[in-house]
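Since the structure comes first, as structure tokens, the remarks are kept for the end.
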Amino acid sequence: MDDDARPAARLTVLSGPSGVGKDSVIELIRARSPWIKLSVSVTTRKKRDYETDGEHYHFVTRSEFQRLVDGDQLLEWAEFAGNLYGTPRAQVEGWLAQGRPVLLKIDLQGARQVRATMPDAQLVFLAPPSVEELRRRLIGRGTDDEETIKRRLAHADEELAAEKEFDRTVVNDFVERAADELVGLLGSSFLTPAHAAAVPATPIHPAPIQTAHPTPALSMPTQLSTAHQQPGA
Ligand code: 5GP
């Protein structure tokens, strides 16, 4: 396939309730599917022991985060459980301009912002096998204090109800199976691994910065656009 015949790169967003296992799925993809570009978010949350700055997140202060917002350097951003999270714009736009498949792991508010500003993006909802299992995972994972767990549990119901806003659902029953399914969704419309290997690893040249500024999370529309493809559709 020559460059002209290459399908246009499309952004894929992975979202789902806190505790559903997004990080485990992403870790597998990071290890096994290096042609898929994973955006590294900025956050004001405290680093967890197993996390590496610059790999899992860029950990910043609130004032550093605010500077990024003021400079229109975030594609989307949201406040989640008391912390700020955002997607650096230049890196994602650069990868897309190179025709690379890009995966964002973001929360529901962020997914809604991406849908509003980038309607071609594919939105994938990672669902737990059951609500009980989700609660068990959230309480059992031992990375958060009691107050944070409470906030995340309260948020989970709203996040579960949002599944219908997504193009696809992947059930995280087994992390390897879920990761494979997600890679399949990315791969079906993007570069194949062999094709991606042929794309030179040149430095990122960001696409022109969009002027439309993402609206802050609190005033985002609650309804998404109408073009949705449910699982099996
Ligand atoms: P955690 O603190 O567990 O790593 O992430 C909390 C939530 O923030 C998760 O739902 C995660 O997907 C979301 N998140 C991580 N990075 C971003 C981001 O850049 N933007 C948005 N909107 N949410 C994010």
Side-chain angles (χ1 to χ4, degrees), residues 11-27 29-30 37-60 62 64-66 68-69 72-93 95 102-118 121 123-128 134 137-145 147-163 165-166 170 172 178 182 213-222 224:
L11 185 64
T12 298
V13 167
L14 180 68
S15 205
S18 186
V20 75
K22 294 186 294 274
D23 286 344
S24 310
V25 169
I26 293 284
E27 283 313 311
I29 291 177
R30 190 194 303 281
K37 306 309 276 184
L38 301 170
S39 167
V40 181
S41 296
V42 284
T43 183
T44 61
R45 164 167 79 59
K46 265 177 56 190
K47 191 170 87 60
R48 295 176 183 146
D49 286 347
Y50 63 86
E51 291 175 325
T52 306
D53 194 3
E55 184 179 328
H56 297 93
Y57 284 105
H58 299 288
F59 295 93
V60 297
R62 279 205 163 234
E64 284 166 340
F65 194 98
Q66 190 57 51
L68 294 173
V69 173
D72 197 21
Q73 290 180 50
L74 301 180
L75 195 65
E76 59 74 36
W77 64 273
E79 178 149 12
F80 183 93
N83 296 303
L84 299 170
Y85 297 82
T87 304
R89 177 191 295 283
Q91 191 176 52
V92 169
E93 291 183 346
W95 283 329
V102 181
L103 183 58
L104 305 184
K105 180 208 77 167
I106 60 180
D107 84 327
L108 176 59
Q109 304 163 68
R112 287 172 172 158
Q113 290 178 52
V114 170
R115 167 123 297 162
T117 55
M118 304 177 85
L123 266 53
V124 178
F125 187 82
L126 191 66
L134 179 69
R137 288 182 193 176
L138 254 181
I139 293 165
R141 70 179 180 182
T143 53
D144 302 313
D145 58 35
E147 184 52 35
T148 305
I149 289 173
K150 254 195 236 162
R151 275 195 278 182
R152 286 176 186 250
L153 277 174
H155 210 65
D157 290 338
E158 185 198 334
E159 290 175 314
L160 283 169
E163 179 184 346
E165 300 175 25
F166 285 72
V170 171
N172 190 16
L182 181 59
H213 196 293
T215 316
L218 284 178
S219 52
M220 283 310 292
T222 49
L224 298 187

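From a predicted model like this one, the values you see are computed outputs, not experimental measurements. Both ligands and their constituent atoms are indexed starting at 1 by order of listing.
- An N or O contact shorter than 3.5 Å links Glu76 to ligand 1 by distance.
- Salt-bridge check for Glu79 with Arg62: passed, with a basic side-chain N closer than 4.0 Å to an acidic carboxylate O.
- At a 4.0 Å heavy-atom cut-off, ligand 1 touches Phe80 through the side chain alone.
- By the 4.5 Å heavy-atom criterion applied to side chains, Ser39 and Ile106 are not counted as neighbours.
- Looking at Glu76 and Val13, their side chains never come closer than 4.5 Å, going by heavy atoms from C-beta outward.
- Counting heavy atoms from C-beta on, the side chains of Arg137 and Asn172 come closer than 4.5 Å.
- The closest approach between Ser18 and ligand 1 stays at or above 4.0 Å for every heavy atom of the residue.
- Residue contacts with ligand 1 for Arg48 involve side-chain atoms from C-beta outward but no N, CA, C or O (heavy atoms, distance under 4.0 Å).
- Not a single heavy atom of Gln109 sits closer than 4.0 Å to an atom of ligand 1.
- Considering CD of Gln91 and CG of Leu75, their distance stands at 11.0 Å, rounded to 0.5 Å.
- For the pair Gly16 and ligand 1, the shortest N or O to N or O distance does not fall below 3.5 Å.
- The distance from atom CZ of Phe166 to atom CG of Leu126, rounded to the nearest 0.5 Å, is 10.0 Å.
- Of the candidates Ser15, Ser41, Ala111, the one placing a heavy atom closest to atom 19 (O) of ligand 1 is Ser41.
- Residues Lys105 and Leu38 fail the side-chain proximity criterion, which asks for heavy atoms closer than 4.5 Å.
- Each of the following atoms of ligand 1 lies closer than 4.0 Å to a heavy atom of Arg45: 1 (P), 2 (O), 4 (O).
- At a 4.0 Å heavy-atom cut-off, ligand 1 touches Lys22 through the side chain alone.
- Checking only distances, Tyr57 does come within under 3.5 Å of ligand 1, N or O to N or O.
- Neither the backbone nor the side chain of His56 comes within 4.0 Å of ligand 1, counting heavy atoms alone.
- Listed by number with element, the atoms of ligand 1 under 4.0 Å from a non-hydrogen atom of Arg152 are 1 (P), 2 (O), 3 (O), 6 (C).
- Under the 4.5 Å side-chain criterion, counting only non-hydrogen atoms from C-beta, Thr43 is in contact with Phe59.
- Under the 4.5 Å side-chain criterion, counting only non-hydrogen atoms from C-beta, Trp77 is in contact with Leu84.
- Counting the atoms of ligand 1 from 1 in the order shown, those under 4.0 Å from a heavy atom of Gly110 are 22 (N).
- The atoms of ligand 1 that sit less than 4.0 Å from any heavy atom of Ala78 are 22 (N).
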